S.K.: 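Please see the structure below; I have some questions.
None of these values were measured; they are calculated from a predicted model. Chain A is the first sequence line, chain B the second, and so forth, proteins listed ahead of strands; every chain is numbered from 1.
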Amino acid sequence: MDDQTRMMTGLTGLGGLPQGDVGDPDSVRKQQSLGQPQQDIGDILQQIMAITDESLDEAQARKHALNCHRMKPALFSVLCEIKEKTVLSIRGVQEEDPPDPQIMRLDNMLLAEGVSGPEKGGGSAAAAAAAAAAGGSPTDSSIEHSDYRAKLAQIRQIYHSELEKYEQACSEFTNHVMNLLREQSRTRPISPKEIERMVAIIHRKFSSIQMQLKQSTCEAVMILRSRFLDARRKRRNFNKQATEVLNEYFYSHLSNPYPSEEAKEELAKKCGITVSQVSNWFGNKRIRYKKNIGKFQEEANLYAVKTAVDAANVSAQASQANSPATPNSGGYPAPCYTPDGRL
DNA sequence: AGCTATGATTGAAA
DNA sequence: TTTCAATCATAGCT
């Protein structure tokens with residue numbers, strides 16, 4: 001800088017124009033007519049270089065004077081061009097970064113969990129689905145359901161308010177920087193492209209903050225979800241009446257203990273449990289029965305007698321001869337039992 | 001505390 | 001998708 005200054009001073013042989021002259025068209029015209037464009041540019045450059053050595057007031061005045069100089073636009077655009085070709089071409093490499101896959105993942109998850117996206121719909125749908133999968137007695141699941149939904153709504157609210165804050169801060173900061181750069185672009189070579197680039201840099205910085213927000217929101221949802229899933233583990237045994245209904249169906253359909261979808265729905269309704277719980281129960285029952293028929297024989301006999309008695313009652317009431325209640329043909333082996341219900 | 005019963009989950013198979 | 005088989009984790013009993 002010192003060398004440059006000295007060099008330019010040497011070239012022009014001038015220490016700078018009097019302030020009043022710089023912006024004065026007349027003096028410029030005078031100089032122009034003298035045929036000293038080289039010296040003119042040298043002057044300006046020299047003044048720019050020397051500006052930092054001046055007092056604040058002087059520098060301000062000089063700045064203003066230079067801004068009004070007729071050579072300014074031309075010089076400015078040349079400097080912009082030079083800058084564009086040197087500094088910016090290096091940075092140009094990381095231009096146009098593709099949407100962060102991490103952010104996309106987080107976005108998708110937040111959307112799926114109903115944190116982002118449509119206001120109530122997604123959230124309650126997700127919670128409902130989770131609750132449906134959870135099962136449990138209707139009261140339990142609805143309690144957990146509303147609990148889950150409330151917590152999720154809380155997370156959603158925090159997330160949105162934080163996101164709003166973030167967006168506000170981002171746009172405020174961007175505006176601030178843009179204004180600053182625009183302001184500065186009057187005195188130093190800043191091209192609109194460079195401003196754009198700066199905005200992109202700011203947005204990238206802010207997007208990392210956004211990612212943190214999204215990440216911690218995801219974590220919160222995951223924790224909530226795992227707690228919710230843990231709660232599902234805290235099972236309750238089905239009540240006696242429900243177990244009875246299920247066992248009755250099972251043992252009276254021992255030859256083919258695979259209730260149809262409709263039958264499952266009906267059983268679910270009767271027992272006050274979900275269809276998937278009915279499916280679970282039958283899945284467990286089939287496998288456990290098959291594994292140890294002996295253990296279940298007593299139970300089987302009990303229900304066989306029970307259904308036989310029921311059937312008898314029904315047929316007596318209808319005064320009609322109905323088909324036997326236990327169609328044990330194929331499927332799972334039926335227990336052997338005597339009419340008195342013993343082996 | 002230890003044991004069994006039982007509802008739920010998971011991964012493979014059909 | 002449904003079912004099977006193994007397994008988990010808790011309930012509930014002794």
S.K.: Report all interatomic pairs (protein N or O, nucleotide N or O of nucleotides 3-6 of chain B) with separations under 3.5 Å.
M.R.:
from: B:dT6; atom 1: O2; to: A:Arg235; atom 2: NE; distance (Å): 3.0
from: B:dT6; atom 1: O2; to: A:Arg235; atom 2: NH2; distance (Å): 2.7

S.K.: Distance check, rounded to the nearest 0.5 Å: A:Lys205 atom NZ versus A:Phe173 atom CZ?
M.R.: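 Answer rounded to 0.5 Å: 10.5 Å.
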S.K.: A:Asn280 CG to C:dT3 C1': how many Å, rounded?
M.R.: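 In whole Å, C:dT3 C1' lies 11 Å from A:Asn280 CG.
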S.K.: Taking atom P of C:dT1 as reference, at what distance in whole Å does atom CZ of A:Phe282 sit?
M.R.: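 That distance rounds to 21 Å.
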S.K.: Donor-acceptor pairs under 3.5 Å, side chain of residues 242-250 of chain A to any protein atom, not counting sequence neighbours: which ones?
M.R.:
from: A:Thr243; atom 1: OG1; to: A:Asn239; atom 2: O; distance (Å): 3.0
from: A:Asn247; atom 1: OD1; to: A:Lys285; atom 2: NZ; distance (Å): 3.1
from: A:Asn247; atom 1: ND2; to: A:Thr243; atom 2: O; distance (Å): 3.2

S.K.: Checking the side chain of A:Ser207 only, and the main-chain atoms of A:Gln210 only, is there a donor and an acceptor separated by less than 3.5 Å?
M.R.: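 The answer is no, because no donor-acceptor pair under 3.5 Å joins these two groups.
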S.K.: Is it true that the side chains of A:Glu299 and A:Tyr251 contain a donor and an acceptor less than 3.5 Å apart?
M.R.: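 Looking only at side-chain atoms, A:Tyr251 and A:Glu299 do form a donor-acceptor pair, the distance falling under 3.5 Å.
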S.K.: Under the rule for ring pair (Phe, Tyr, Trp, His ring centres under 6.0 Å), what residues qualify as partners of A:Tyr159, not counting sequence neighbours?
M.R.: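 Residues passing ring pair (Phe, Tyr, Trp, His ring centres under 6.0 Å) with A:Tyr159: none at all.
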S.K.: Rounded to 10°, tell me the angle between the two end axes of the helix from B:dA1-C:dT14 to B:dA14-C:dT1, each built from five pairs.
M.R.: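 About 10°, once rounded to a multiple of 10°.
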S.K.: Give every residue pair that meets the salt bridge (charged side-chain N to carboxylate O under 4.0 Å, His left out) criterion with at least one member in residues 162-171 of chain A, sequence neighbours excluded.
M.R.: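 Those involving residues 162-171 of chain A are A:Glu162-A:Lys165.
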S.K.: Just how far is it from atom CD1 of A:Ile103 to atom NZ of A:Lys214, taken to the nearest 0.5 Å?
M.R.: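 Separation between the atoms: 5.0 Å.
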S.K.: Grab the OH-C1' distance between A:Tyr258 and B:dA14 for me, whole Å please.
M.R.: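 One finds 12 Å between C1' of B:dA14 and OH of A:Tyr258, rounded.
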S.K.: Looking at C:dA6, C:dA5, C:dC4, which one has an atom nearest to any side-chain atom of A:Lys290?
M.R.: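 Of all the options, the side chain of A:Lys290 is nearest to C:dA5.
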S.K.: Would you tell me if any nitrogen or oxygen in the side chain of A:Arg236 comes within less than 4.0 Å of OP1 or OP2 on C:dT10?
M.R.: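 Indeed not, no polar side-chain atom of A:Arg236 lies that close.
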S.K.: Per the salt bridge (charged side-chain N to carboxylate O under 4.0 Å, His left out) rule, what does the pair list look like for residues 171-184 of chain A, sequence neighbours excluded?
M.R.: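 Pairs touching residues 171-184 of chain A that pass the test: A:Glu183-A:Arg186.
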S.K.: Rounded off to whole Å, could you give me the CG-to-C1' distance for the A:Asn284 and C:dT2 pair?
M.R.: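 Atom-to-atom, A:Asn284 to C:dT2, this comes out as 15 Å.
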S.K.: Got a sec: does the CD of A:Gln157 have more than 12 other heavy atoms crowding it under 6.0 Å?
M.R.: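 12 or below, so no.
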S.K.: Expressed as a whole number of angstroms, how long is the span from A:Ile287:CD1 to B:dA8:C1'?
M.R.: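 About 15 Å, once rounded to whole Å.
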S.K.: Using whole Å, what does the distance between atom C1' of nucleotide C:dT3 and atom CD of A:Glu261 come to?
M.R.: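 After rounding, the reported distance stands at 13 Å.
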S.K.: For A:Ile273 and B:dG7, give me the distance from atom CD1 to atom C1', rounded to whole Å.
M.R.: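 It is 10 Å, rounded to the nearest whole Å.
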